[in-house]
Protein chains: 2
Amino acid sequence: MGLTKTEIFTEEQNQLATMLKAMAHPARIAILQSIIKANSCICGDLVDELGLAQPTISQHLRELKNAGIIQGTIEGVKVCYCIEPKAWNLLAKEMNVFFNSYQDPKGCC
Amino acid sequence: MGLTKTEIFTEEQNQLATMLKAMAHPARIAILQSIIKANSCICGDLVDELGLAQPTISQHLRELKNAGIIQGTIEGVKVCYCIEPKAWNLLAKEMNVFFNSYQDPKGCC
DNA sequence: ATAACGCATTGCAATATTACGATTAAATAA
DNA sequence: TTATTTAATCGTAATATTGCAATGCGTTAT
């Protein structure tokens with residue numbers, strides 16, 4: 001097989017999984033941290049900052065963009081990436097709800 | 001290639017990515033939600049609740065366990081899974097810090 | 001003892017991911 | 001126009017993931 005059975009899960013579960021999957025790679029975490037640290041866009045500086053080839057960075061950026069986490073704007077020859085506030089804040093809220101839905105044990109295991 | 005270049009990232013980035021990756025699947029999100037909802041352990045009920053084969057559930061449980069997110073206890077013939085509070089709370093805190101490290105735009109894109 | 005139950009493990013097929021060299025496309029500079 | 005720069009895309013190799021049937025392995029029931 002090799003393909004997830006998305007049809008048996010809720011829309012929320014699938015969407016959350018998609019967002020988390022987009023973040024679940026050290027390179028993409030590093031990219032997000034870089035973008036946030038710069039407090040604004042970042043472009044091909046990422047290729048220098050991280051030790052990955054340009055096509056690889058480009059591919060990671062596309063995945064983050066496809067997930068809706070970042071957005072890219074063309075600025076002349078360069079491209080400027082930044083966080084998509086809506087998606088970021090929504091994900092933050094959802095994860096917060098998820099984490100807080102668990103309260104320490106009440107007798108088990 | 002096909003393998004992540006973990007050596008060029010920090011320990012924190014790699015660990016966070018590993019935890020997120022463990023959660024980044026609808027079945028595993030569903031499993032965690034089920035475990036949390038039951039407020040205690042769950043066993044092979046998951047096989048009935050979700051529509052996946054027993055070996056598939058077992059595999060997902062193992063991944064969550066390997067990531068340290070859940071723990072399993074043998075109870076006679078059955079096995080009882082529950083959240084590993086330390087790892088859960090640590091991840092919650094780390095993600096919270098990460099999400100809050102971004103403040104809405106200040107001019108860009 | 002032996003049958004039944006619950007879950008883990010193995011093995012495999014289908015598909016996805018990661019990384020990068022080579023190339024292309026679009027914008028600016030000469 | 002022609003070069004240069006920047007980033008996306010294509011193609012490909014290596015590896016990982018997903019899902020399940022078949023099987024194995026303890027534990028309990030008969």
Side-chain angles (χ1 to χ4, degrees), chain A residues 1-9 13-14 17-31 34-35 41-67 69-82 109, chain B residues 1-9 13-14 17-31 34-35 41-67 69-82 109:
Chain A
M1 308 268 160
L3 86 171
T4 300
K5 278 190 160 181
T6 55
E7 71 275 9
I8 66 172
F9 303 107
Q13 289 167 337
N14 285 320
T18 300
M19 297 286 268
L20 289 181
K21 195 166 151 194
M23 293 184 67
H25 190 287
R28 294 195 287 270
I29 289 177
I31 287 173
S34 252
I35 291 181
C41 334
I42 292 274
C43 12
D45 304 333
L46 292 166
V47 179
D48 302 325
E49 281 184 45
L50 321 183
L52 291 171
Q54 180 268 319
T56 307
I57 297 290
S58 198
Q59 198 171 319
H60 283 306
L61 285 168
R62 185 173 51 184
E63 283 186 55
L64 287 170
K65 209 166 72 176
N66 284 344
I69 297 177
I70 64 173
Q71 99 193 88
T73 315
I74 300 173
E75 293 202 344
V77 195
K78 304 188 174 183
V79 174
C80 169
Y81 285 99
C82 56
C109 290
Chain B
M1 310 264 159
L3 88 171
T4 299
K5 278 188 159 182
T6 55
E7 71 275 10
I8 66 172
F9 303 106
Q13 289 167 337
N14 285 320
T18 299
M19 298 286 269
L20 290 181
K21 195 165 150 193
M23 293 184 67
H25 190 286
R28 296 195 286 270
I29 289 176
I31 287 174
S34 252
I35 291 181
C41 335
I42 293 274
C43 14
D45 305 332
L46 291 166
V47 179
D48 303 324
E49 281 183 46
L50 321 183
L52 290 171
Q54 180 267 319
T56 308
I57 297 289
S58 197
Q59 198 173 321
H60 283 306
L61 286 168
R62 184 173 53 184
E63 283 185 55
L64 288 170
K65 208 166 74 176
N66 284 345
I69 297 177
I70 63 173
Q71 100 193 87
T73 315
I74 299 172
E75 293 201 348
V77 196
K78 305 188 176 184
V79 175
C80 169
Y81 285 100
C82 57
C109 293

(request) May I have the distance from B:I8 (atom CD1) to C:dA19 (atom C1'), rounded to whole angstrom? (result) 10 Å
(request) Round to a whole Å and report the spacing from CD of B:E75 to C1' of D:dG26. (result) 15 Å
(message) Over all strands shown, is B:I74 touching base, sugar-phosphate only, or nothing at heavy-atom distances under 4.0 angstrom?
(response) nothing
(request) Scan A:T4 against the nucleic acid and name what it touches under 4.0 Å (heavy atoms): base, sugar-phosphate only, or nothing. (result) sugar-phosphate
(message) Nearest to the B:H25 side chain among D:dC20, D:dT15, D:dG19, which nucleotide is it?
(response) D:dG19
Distances for protein N/O vs nucleotides 1-10 of chain C N/O pairs under 3.5 angstrom?
| unit_1 | atom_1 | unit_2 | atom_2 | d |
| --- | --- | --- | --- | --- |
| C:dC7 | OP1 | B:G44 | N | 3.0 |
| C:dC7 | OP1 | B:V79 | N | 3.4 |
| C:dC7 | OP2 | B:G44 | N | 3.3 |
| C:dA8 | OP1 | B:Y81 | OH | 2.2 |
| C:dA8 | OP2 | B:S58 | OG | 2.5 |
| C:dA8 | O5' | B:S58 | OG | 3.4 |
| C:dA8 | N7 | B:Q54 | NE2 | 2.8 |
| C:dA8 | N6 | B:Q54 | OE1 | 3.1 |
| C:dT9 | OP2 | B:R62 | NH1 | 3.4 |

(message) Please find the pair of heavy atoms, one from A:L50 and one from A:A30, that lie closest to each other, and give the distance.
(response) CD2-CB, 3.8 Å
(request) Round to the nearest Å and state the distance from B:N14 atom CG to C:dT18 atom C1'. (result) 14 Å
(message) Please enumerate all residues that pass side chain to side chain contact (heavy atoms under 4.5 Å, CB included) together with A:K78, with sequence neighbours excluded.
(response) A:C43
(request) Provide, to the nearest angstrom, the distance between the CD1 atom belonging to B:I31 and the C1' atom belonging to D:dG19. (result) 13 Å
(request) Report yes if at least one side-chain N or O of A:K21 is closer than 4.0 Å to OP1 or OP2 of D:dT17; otherwise report no. (result) no
(request) Whole angstrom is fine here: how far is it from CG in B:L52 over to P in D:dT17? (result) 17 Å
(message) For B:A24 and B:G76, find the nucleotide of DNA chain D closest to each by heavy atoms; which residue's nucleotide sits nearer the 5' end?
(response) B:A24
(message) Would you say B:T56 places a side-chain N or O within less than 4.0 Å of OP1 or OP2 belonging to D:dT18?
(response) no
(message) Can you tell me how far apart CD1 (B:I31) and CD1 (B:I69) are? Round to the nearest 0.5 Å.
(response) 11.0 Å
(message) Please confirm whether the shortest side-chain N or O distance from B:H60 to OP1 or OP2 of D:dT17 is below 4.0 Å.
(response) no
(request) Just jot down the side chain to side chain contact (heavy atoms under 4.5 Å, CB included) partners of A:I8, sequence neighbours excluded, or say none. (result) A:K5, B:L52
(request) Write out all pairs satisfying side chain to side chain donor-acceptor pair (under 3.5 Å) with one or both partners inside residues 44-54 of chain A, taking only residues at least two apart or from two chains. (result) A:S34-A:E49
(request) Can you tell me the distance, in whole Å, between the NZ atom of B:K5 and the P atom of D:dA14? (result) 16 Å
(message) Taking side chain to side chain contact (heavy atoms under 4.5 Å, CB included) as the criterion, tell me which of A:I42, A:I35, A:L64, A:T73 meets it with A:Y81.
(response) A:I35
Donor-acceptor contacts under 3.5 Å from residues 19-28 of chain B side chains, at least two apart:
| unit_1 | atom_1 | unit_2 | atom_2 | d |
| --- | --- | --- | --- | --- |
| B:H25 | ND1 | B:A27 | N | 3.0 |
| B:H25 | NE2 | A:T4 | OG1 | 3.3 |
| B:R28 | NE | B:A22 | O | 2.6 |
| B:R28 | NH1 | B:H60 | ND1 | 2.9 |
| B:R28 | NH1 | B:E63 | OE1 | 3.4 |
| B:R28 | NH2 | B:K21 | O | 3.3 |

